[in-house]
Amino acid sequence: MNNVRVRFCPSPTGSPHVGFARTALYNWAFARHHGGTFVFRIEDTDKERSTEESYDAMLGAMRWLGLDWDEGPEVGGPHGPYRQSERGDLYRDVLERLAASSYTYDCFCTTEEVDARRKASGSKVMGYDGFCRDLDPAQRAAWEAEGRKPVVRFRMPDGSVTWTDLVRGDITFETQFVPDFALCRANGDPLYTLVNPVDDALMGITHVLRGEDLLSSTPRQIPLHQALVDLGIGTVVPEFGHLPFVMGEGNKKLSKRDPESHLFLYRDQGFLPEGLLNYLALLGWSIAADRDIFTLEEMVEAFDIKDVNPNPARFDLKKAEAINTAHMRLLPVEEITDRALPFLKAAGVVSDPVGDADAELLEQAMPLVAERINKLVEAVDMLGFLFVADADFAVDAADADKLLNDDGRAVVRRALLKLETLTEWSTAAIQDALQAELVEAMGIKPRNAFGPVRVAVTGRRVSPPLFESMELLGRERSLARLQSVLV
RNA sequence: GCCCCGUUCGUCUAGCGGCCCAGGACGCUGGCCUCUCACGCCGGAAGCACGGGUUCGAAUCCCGUACGGGGUACCA
């Protein structure tokens, strides 16, 4: 395919959610796969609900995910502006040209009047009935005299509308079930029904990949696109592909109300964008029968919209975490260190900026934790004991209850006595000494021998490897901590 | 109500008429490894919604039914 142009066009209402990311990803991957153009457009025609804060969040989300756009906000492009709130003149002009060619007509009916007529006629079809299509001039004058303002409606053609959906195949709607629809409010404000197809036409969009919720608006958009082509406003009717929903708990669409749906929740927990994206890609698509870990580049190479599954997918946190873990293991330690740094700073584990001593300690410690954490934020709990000021060090109460009982403290006492005699403070020396003194001399199992020592030194039952941790902590601080649980 | 979409292990999926008495992954589960945790390794349970066709042969094609979802706005 040549000159592919796709767009992603969220409404800036609220916080970006995972469905947003999945749709953005598929559009982006489609564009990149075909060497096409990825357009980012903001559909902020709903003045009531759109906010600047949400707009910033949309851009922030795309940047965090690494889905770069070729045309759009802050990047510009030949078809700007890319915020619909700044394109009012364009829409007014299109509306005039549509009306001049009778593709549209003014409608003065109220919702109540329409409902009453439909009920009276016993119609199975709801929605607008076309009453004002050929309005009697006298009636029109009367309504205008009483101050009624009309909305502009698109005249749906007779017959049917058929398209070959990129993910679902042929779909046909009889237009008798698709009522004439409003293109702008009575006050003149353009509606989504107008601006979405108009901008797609103006921006030369060739493929529309969007959520299944918009499938039923497609039979209205295709005739409108044809009208735009007829008027020379557009050049082609784009192809459409409707992506399956991302569902939440139970069997309902993941809504913005659902906390699991918020994209930034994952960012703030230390998910890697490539990990989340990999997982999201799997919700409706797979790269191969026996493989589910891949990079964005590999996805771009393999992505084909025709392979997208049409049925809805349930978001599964456990699997998302597992996929993320796999990506963590793919990263070199230095990279994990860089990415974990903001979390460590935020938690106060290290200062901002990081001091030289802390930086050096971090470089030595990260290899121990990088391979055992699944999300970046976990580095905070894993490393805290190494960086905390001695005065602030505290042993986890629950872990102490469990392991630092009389038996545990006896073990710690033996360990302390033995370690005080060590002349070399190294991982190997510490391990040899404790192995001999606790496991062999005392005759207790390794986990019972090292557990109490671990809690005393690191403050927790879960920690980086014990002997390495003690080496990094240093002789004096290690011995002091052993001592402190004995008093 | 009407229109449209969908239905393979608990979950995400592979499968596009014979390779499938259905493969992979997460989860669950038994075991191994092991200084904790995490990782890793070996094994197990678990699925083609139902009913009719078409065909020598159907998870795959067709038609019904059931169930789920979306739409039916001067929201997007």
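Throughout, protein chains are lettered first and strands after them, A, B, ... in sequence-line order, and every chain is numbered starting at 1.
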[X] side chain, from C-beta outward: closest of [options]:
X: A/L215; options: B/rA76, B/rC5, B/rU36; answer: B/rC5
X: A/S11; options: B/rA76, B/rG70, B/rC37; answer: B/rA76
X: A/M126; options: B/rG1, B/rC4, B/rG69; answer: B/rG1

So what does [X] hit on the nucleic acid, given a heavy-atom distance under 4.0 Å: a base, only sugar-phosphate, or nothing?
X: A/F177; result: sugar-phosphate
X: A/E468; result: base
X: A/F467; result: base
X: A/T45; result: sugar-phosphate
X: A/R153; result: sugar-phosphate
X: A/G127; result: sugar-phosphate
X: A/A186; result: base
X: A/L466; result: base

Between [X] and [Y], does the ring centre distance come in under 6.0 Å?
X: A/F154; Y: A/Y105; value: no
X: A/F294; Y: A/W285; value: yes
X: A/F271; Y: A/Y279; value: no

Say you pick atom [atom1] in [N] and the same atom in [M]; how far apart are they, in whole Å?
N: B/rC32; M: B/rA66; atom1: C1'; result: 47 Å
N: B/rC39; M: B/rU34; atom1: C1'; result: 11 Å
N: B/rC16; M: B/rU72; atom1: P; result: 38 Å

Determine which nucleotide pairs with [N], using a 3.5 Å limit on both distances of a Watson-Crick or G-U wobble pair.
N: B/rA66; result: B/rU7
N: B/rG43; result: B/rU29
N: B/rC2; result: B/rG71
N: B/rC19; result: none

Problem set entry | Test applied, ring-ring contact (aromatic ring centres under 6.0 Å, His included); reference residue, A/W69; option that passes from A/Y82, A/F8, A/F40 |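 Going through A/Y82, A/F8, A/F40 one by one, the ring-ring contact (aromatic ring centres under 6.0 Å, His included) with A/W69 is satisfied by A/F40 alone.
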For this session: Report yes or no: is there a donor-acceptor pair, N or O only, under 3.5 Å between the side chain of A/R329 and the base of B/rC39?
Result: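 There is none.
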Problem set entry | Base B/rC35 to side chain A/R454, donor-acceptor N/O within 3.5 Å cut-off |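 It does, because a donor-acceptor pair links the side chain of A/R454 to the base of B/rC35 below 3.5 Å.
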Exercise. A/H242 and A/R210: side-chain donor and acceptor closer than 3.5 Å?
Worked result: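 There is such a pair between these side chains.
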For this session: Answer whether the closest heavy-atom distance between the side chains of A/F450 and A/R447 falls below 4.5 Å.
Result: no
Exercise. Where do A/D180 and A/R155 land on the salt bridge (Lys or Arg N to Asp or Glu O under 4.0 Å) test, with the steps shown first?
Worked result: CA-CA 5 Å; A/D180 292 349; A/R155 206 183 288 273; over 6 Å; no
For this session: Mark up nucleotides 23-31 of chain B, 5' to 3', with B wherever a protein heavy atom is under 4.0 angstrom from a base atom, S wherever such an atom reaches only the sugar-phosphate, and - elsewhere.
Result: BBBSS----
